[in-house]
Asks: 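Take a look at the following structure, please.
In what follows, every heavy atom counts, from backbone to side chain, and hydrogens, waters and symmetry copies are set aside.
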Amino acid sequence: MNKLLRYKDYLGTVEYSLNDKVFFGEVLWIDSLLSYQGNTIEELEEDFNGTIVHYLELCIRKNWEPEKTSVVVVN
């Protein structure tokens with residue numbers, strides 16, 4: 001099982017909360033805190049992708065340089 005999500009050169013974790021019965025994660029290797037969650041892996045991946053899209057849209061609106069992952073991951 002791949003334990004990282006990947007979208008547009010960003011990577012994110014895949015975690016599961018037994019107490020809340022929900023998948024969750026955060027984008028890795030950037031200073032901003034970008035998190036996401038879902039009740040299924042599919043929902044988690046969809047929310048992860050949406051989080052990246054919203055972050056990049058916010059950067060455009062605010063004229064910010066988007067943070068980039070500082071680690072190179074080889075498949």
Asks: Evaluate whether atom CD of E46 has more than 12 neighbouring non-hydrogen atoms of other residues, nucleotides or ligands under 6.0 angstrom away.
Replies: no

Asks: Which pair of heavy atoms, one from C59 and one from P66, lies closest together, and at what distance?
Replies: SG-CA, 3.8 Å

Asks: If you compare all heavy atoms of K21 against all heavy atoms of N39, which two are closest, and at what distance to 0.1 Å?
Replies: O-OD1, 4.2 Å

Asks: Answer whether the closest heavy-atom distance between the side chains of E26 and L33 falls below 4.5 Å.
Replies: yes

Asks: Consider only side-chain heavy atoms of I, L, V, M, F, W and Y, link residues closer than 4.5 Å, and tell whether F23 and L18 are in one cluster.
Replies: yes

Asks: For I30 and Y10, work out which heavy atoms get closest and say how close.
Replies: CG2-CE2, 4.4 Å

Asks: Are any non-hydrogen side-chain atoms of W29 and K68 less than 4.5 angstrom apart?
Replies: no

Asks: Using 0.5 Å steps for rounding, measure from the OH atom of Y16 to the CD1 atom of I41.
Replies: 9.5 Å

Asks: Taking the side chain as every heavy atom from C-beta outward, state whether Y7 and E45 have any pair of such atoms under 4.5 Å apart.
Replies: no

Asks: If you define the side chain from C-beta out and look only at heavy atoms, does anything of F48 sit under 4.5 Å from T13?
Replies: no

Asks: Within the distance-only criterion (no hydrogens, no angle test), does the side chain of D47 pair as donor or acceptor with the backbone N or O of Q37 below 3.5 angstrom?
Replies: yes

Asks: Do the side chains of W64 and L58 get nearer than 4.5 Å, heavy atoms only?
Replies: yes

Asks: Does any non-hydrogen side-chain atom of S35 lie less than 4.5 Å from one of F24?
Replies: no

Asks: Taking the side chain as C-beta and beyond, is there a heavy-atom pair between V27 and L11 under 4.5 Å?
Replies: no

Asks: Could you check whether any side-chain heavy atom of L5 comes within less than 4.5 Å of a side-chain heavy atom of V14, counting everything from C-beta outward?
Replies: yes

Asks: When you compare the side chains of S32 and E67, does any donor N or O come within less than 3.5 Å of an acceptor on the partner?
Replies: yes

